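Source: prediction; values computed, not measured. For the single chain, residues carry numbers from 1 onward in sequence order.
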Amino acid sequence: MDRDTPNAIERATQRARKILEDDFAAQLEGDFDIHRSGTVAPKAGAHLSAREVFQREKIAAAIEHKRAAGMDAPQAVADYVRDAAFTTLNRFVALKMLEARELLQECITKGEHSSGYREFCGLAPGLLLLPDNGGYRLYIESLFDELSTEVKVLFDRRDLASALWPKRSTFEQLLEILNSPHLAEIWGEDETIGWVYQFFNSKEERAAMRDPKEGGSKVPRNSRELAIRNQFFTPRYVVQFLTDNTLGRTWYEMRRTETTLVDRCEYMVRNPSEKIAARPKKDPRDLHLLDPACGSGHFLLYAFDLLLTIYEEAYADPASPTSEATGATLAADYSSLSALRKAAPSLVIAHNLHGVDIDARCVQIAQLAVWMRAQRAYRSFGIDRADRPPIRRSNIVVAEPLVADDRMAADFVSRLGDIELERVFTRLVERLKLAGDLGLLLRIESLSVRETRYGQIDLLAPPEDRIRTMLARFIAEEGELASTRRRLFADDAAQGVGLLAIAERRFDVVLMNPPFGSGSARAKSEFDKAYPRTKNDVYAAFVERGIELLSSRGRLGAITSRSGFFLSSFRKWREEILLKTAPPVIVADLGYGVLDSAMVETAAYCLEACS
């Protein structure tokens, strides 16, 4: 993208956010008696229909959930409005991107005159007679329902952030913004949704968070501030440099240099005279990659492309080993290259790519971006939409506290039917209290082992699916209002179990652009105790934690402040963590001007864990 294009995206995003937030705040106050001050009327007004009463109950439950997580009343209402605006904007940005990829028929580019809607009305002519754009809304919601079978985190209309729908004038303004000629070229770019996330929070808002004169603080006070202060777009060349020299280099060594990634990975550093330290080959399904601060998923997107090549090379290799996942080789599991290509995109998402973030909005975007990359791969392979395997789940999770009243948590635990599972789940709830502030810095993998006379054994690996099944059953057992509260509990619990599953795993590759500076004030005591050698800067702790999550000879690639390589305060980080456990193999001193507006001198580097 040229420099003018991000500026155009920023202006459009900020304008769209304002009109949506103004509209939704007015709806909450005027229609539902939910005020910006945090005051919520005890009962729904008599003017509301039964459907609107249910809608109000969902919104109130969402706000109550935010208050239980530690927000005061005005913050909870403001955060709900922000969530609703963000989700709405992301959905319509996604529709534009799906149109550009021909994954959807034209649906919003010409508004009610879009060809998809006209065809839809041909099947149900009465839609055109519904007042206030009612027919068009039904059409758009039907698209959301279809997409939610795979991209549930964004398009599921049961999501409480989607309880509001923009008024007609707001809706028309939103379409006008998205259909601007100035944005016509961006919808085919995979990074566009990441730019929207980047610009949803303005530079002025981030600056105010840091300025005590504006009511801010020099130290992030909570997880939201920590996330927003560290929203810096990772440039494509940095993503390639770090991925080429971790994932690319790992496969290069497994293949004894015989790989087309030599040409594909233009930033892979190779010395013509070097002696290659060969690695044992792995089935691609056993290559695991993690971004512990994944943002909108830029590392995952580029890694996705390299992994497709890796799958095809392994398939053609008669010496390729069997997979730990299936006990067979790719060639044994897939009868032809075309059969492999039909499966490969979903295999990459199911087995290879893992991501964590403390911002649910990031996870929403990253999951969508990876799904769209998979659809692009299917299309390049010539696989029709009807023949594509559905992608139901990804390994990209949000780290957040599990908020529930004691009675609900106790009710769920009692249904697990396993004393050890009950113990682990109860402790998981307790440990996740600071998940929104610390993310994967929480060493929760210790919860999943128990002492026996035979030593320590893994407890949750097999029963994870049992817990998910119990959660699904748990939300289906009662009426609609109870179901709303239970669904919030179940969603939080599912994310917690997903975070635990990632923490238990060891990875061949860890890639990151972690937050830097001070961590959240709320988690300072826990953070300082857990990371005594790296507590002076959160990025150093992320690198320490990333090394812990590496398998033997695994590689970590990071872009961070360069300060750790020379300041005396980072001496223990250099000497006790890097040099002793994962020495640097490549360092690029990049300086200023790399991470957008961040006033920090950066370095991009790759480490390799000792064997």
Side-chain angles (χ1 to χ4, degrees), residues 1 5 9 13 86-109 116 140 143-156 159 178 183-198 200 233-234 236 239 243 289 291 294-308 311 341-355 357 360-397:
M1 291 184 182
T5 302
I9 298 173
T13 301
F86 187 77
T87 297
T88 300
L89 177 58
N90 278 345
R91 285 176 169 177
F92 284 94
V93 167
L95 292 182
K96 286 290 291 184
M97 297 178 74
L98 293 171
E99 278 186 352
R101 289 158 178 75
E102 298 180 3
L103 292 169
L104 285 179
Q105 193 172 354
E106 181 186 72
C107 56
I108 63 170
T109 292
I140 296 296
L143 297 178
F144 291 166
D145 290 342
E146 180 184 353
L147 291 166
S148 72
T149 61
E150 295 191 64
V151 197
K152 190 168 186 176
V153 70
L154 179 59
F155 291 108
D156 186 358
D159 178 7
L178 298 180
L183 301 178
E185 301 302 318
I186 72 170
W187 303 116
E189 301 292 332
D190 290 327
E191 289 80 11
T192 293
I193 194 100
W195 282 110
V196 171
Y197 168 72
Q198 169 90 356
F200 189 80
F233 194 90
T234 311
R236 173 76 175 187
V239 170
T243 310
L289 180 148
D291 185 343
C294 69
S296 52
H298 292 164
F299 284 113
L300 304 180
L301 293 178
Y302 180 60
F304 188 104
D305 293 343
L306 299 189
L307 284 160
L308 292 180
Y311 270 88
R341 286 178 169 173
K342 185 175 180 179
S346 59
L347 292 176
V348 169
I349 292 174
H351 294 284
N352 304 116
L353 301 182
H354 302 75
D357 206 279
R361 300 176 185 91
C362 282
V363 170
Q364 192 182 84
I365 287 174
Q367 290 189 354
L368 171 67
V370 170
W371 180 81
M372 285 196 297
R373 183 59 60 91
Q375 302 308 311
R376 191 179 80 174
Y378 284 131
R379 185 179 179 187
S380 70
F381 292 148
I383 299 170
D384 291 337
R385 181 75 189 274
D387 296 328
R388 298 172 187 176
I391 298 169
R392 302 294 189 199
R393 223 177 80 193
S394 75
N395 297 305
I396 304 172
V397 302

Colleague: For S394, what residues pass the side-chain hydrogen bond (donor to acceptor under 3.5 Å, both in side chains) criterion, not counting sequence neighbours?
Modeller: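 side-chain hydrogen bond (donor to acceptor under 3.5 Å, both in side chains) list for S394, sorted by chain: Q367.
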Colleague: Does the side-chain contact (heavy atoms from CB on, under 4.5 Å) test come out yes or no for T5 and L183, once each step is laid out?
Modeller: CA-CA 8 Å; T5 302; L183 301 178; over 6 Å; no
Colleague: Partners of Y311 by ring pair (Phe, Tyr, Trp, His ring centres under 6.0 Å), sequence neighbours excluded?
Modeller: none
Colleague: Considering non-hydrogen atoms only, spot the tightest contact between I365 and G194 and give its length.
Modeller: CG2-N, 4.4 Å
Colleague: Applying side chain to side chain contact (heavy atoms under 4.5 Å, CB included), name anything that partners E106, two or more places apart in sequence or on another chain.
Modeller: E99, T109, K110, S114, S115
Colleague: Using the side-chain hydrogen bond (donor to acceptor under 3.5 Å, both in side chains) criterion, which residues pair with Q364? Sequence neighbours excluded.
Modeller: T87, N90
Colleague: Which heavy atom in A366 sits nearest to a heavy atom in G295, and how many Å separate them?
Modeller: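 Reported closest heavy-atom pair: CB-O, 3.7 Å.
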Colleague: With sequence neighbours excluded, tell me which residues meet side chain to side chain contact (heavy atoms under 4.5 Å, CB included) with A94.
Modeller: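 A94: side chain to side chain contact (heavy atoms under 4.5 Å, CB included) contacts with L154, F155, L368.
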Colleague: Under the criterion side-chain contact (heavy atoms from CB on, under 4.5 Å), I'd like the reasoning laid out for L289 against N352: C-alpha separation, chi angles, the key distance, then a yes or no.
Modeller: CA-CA 6 Å; L289 180 148; N352 304 116; 5.6 Å; no
Colleague: Are any of the side-chain heavy atoms of Q375 and E150 separated by less than 4.5 Å?
Modeller: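 In contact.
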Colleague: What is the distance from atom CG of L103 to atom CG of L98, rounded to the nearest 0.5 Å?
Modeller: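 The CG atom of L103 sits 5.5 Å away from the CG atom of L98.
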Colleague: CH2 of W371 to OG of S346: how many Å apart, nearest 0.5 Å?
Modeller: 13.5 Å
Colleague: Roughly how far, to the nearest 0.5 Å, is the CG atom of L178 from the CZ atom of F92?
Modeller: 8.5 Å
Colleague: List the residues meeting side chain to side chain contact (heavy atoms under 4.5 Å, CB included) with N395, not counting sequence neighbours, and say none if there are none.
Modeller: H354
Colleague: Between CD1 of I396 and CG of D291, what distance do you get to the nearest 0.5 Å?
Modeller: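 Those atoms lie 9.5 Å apart.
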Colleague: Once rounded to the nearest 0.5 Å, what's the spacing between atom CD1 of I9 and atom CH2 of W195?
Modeller: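 With rounding to 0.5 Å, CD1 (I9) is 7.0 Å from CH2 (W195).
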Colleague: I'd like to know whether E102 forms a side-chain contact (heavy atoms from CB on, under 4.5 Å) with R385, so could you lay out the CA-CA distance, the side-chain angles of the two residues, the decisive distance to 0.1 Å, and finally the verdict.
Modeller: CA-CA 10 Å; E102 298 180 3; R385 181 75 189 274; over 6 Å; no
Colleague: According to side-chain hydrogen bond (donor to acceptor under 3.5 Å, both in side chains), who are the partners of R101, at least two apart in sequence or on a separate chain?
Modeller: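 Testing R101 for side-chain hydrogen bond (donor to acceptor under 3.5 Å, both in side chains), a comparison that skips the adjacent residues, returns D190.
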Colleague: Only pairs at least two apart or in different chains count here, so list each salt bridge (charged side-chain N to carboxylate O under 4.0 Å, His left out) that has a residue in residues 341-351.
Modeller: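 Checked against salt bridge (charged side-chain N to carboxylate O under 4.0 Å, His left out) - neighbours excluded - the pairs reaching residues 341-351 are E312-R341.
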Colleague: Please report the closest heavy-atom contact between D357 and C294, naming both atoms and the distance.
Modeller: OD2-N, 3.4 Å
Colleague: For the pair W187 and I193, evaluate side-chain contact (heavy atoms from CB on, under 4.5 Å) and give the outcome as yes or no after the intermediate values.
Modeller: CA-CA 9 Å; W187 303 116; I193 194 100; over 6 Å; no
Colleague: For L308 versus A377, what's the shortest heavy-atom pair and its separation?
Modeller: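 Smallest heavy-atom distance, with atoms named: CD1-CB, 3.7 Å.
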Colleague: Under the side chain to side chain contact (heavy atoms under 4.5 Å, CB included) rule, collect the residues that match up with A350, sequence neighbours excluded.
Modeller: none
Colleague: What residues form a side-chain hydrogen bond (donor to acceptor under 3.5 Å, both in side chains) with R91, not counting sequence neighbours?
Modeller: none
Colleague: Does R361 reach the main-chain N or O of Y197 with its side chain, forming a donor-acceptor pair under 3.5 Å?
Modeller: no
Colleague: Run the side-chain donor-acceptor check on residues 296-307: report pairs under 3.5 Å with partners two or more places apart or on a different chain.
Modeller:
{"residue": "S296", "atom": "OG", "partner": "H298", "partner atom": "NE2", "Å": "3.4"}
{"residue": "Y302", "atom": "OH", "partner": "D244", "partner atom": "OD1", "Å": "2.6"}
{"residue": "D305", "atom": "OD1", "partner": "R373", "partner atom": "NH1", "Å": "3.2"}
{"residue": "D305", "atom": "OD2", "partner": "R373", "partner atom": "NH1", "Å": "2.8"}

Colleague: What closest approach, in Å, do A374 and I349 show between heavy atoms, and which atom pair accounts for it?
Modeller: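 The answer is CB-CD1, 3.9 Å.
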Colleague: Output all residues satisfying salt bridge (Lys or Arg N to Asp or Glu O under 4.0 Å) with R236, sequence neighbours left out; order by chain, then residue number.
Modeller: E191
Colleague: Measure across D145 and S148 and return the closest heavy-atom pair with its distance rounded to 0.1 Å.
Modeller: O-OG, 2.8 Å
Colleague: Measure the CD-CG distance between Q105 and L143 for me, rounded to the nearest 0.5 Å.
Modeller: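 One finds 9.5 Å between CD of Q105 and CG of L143.
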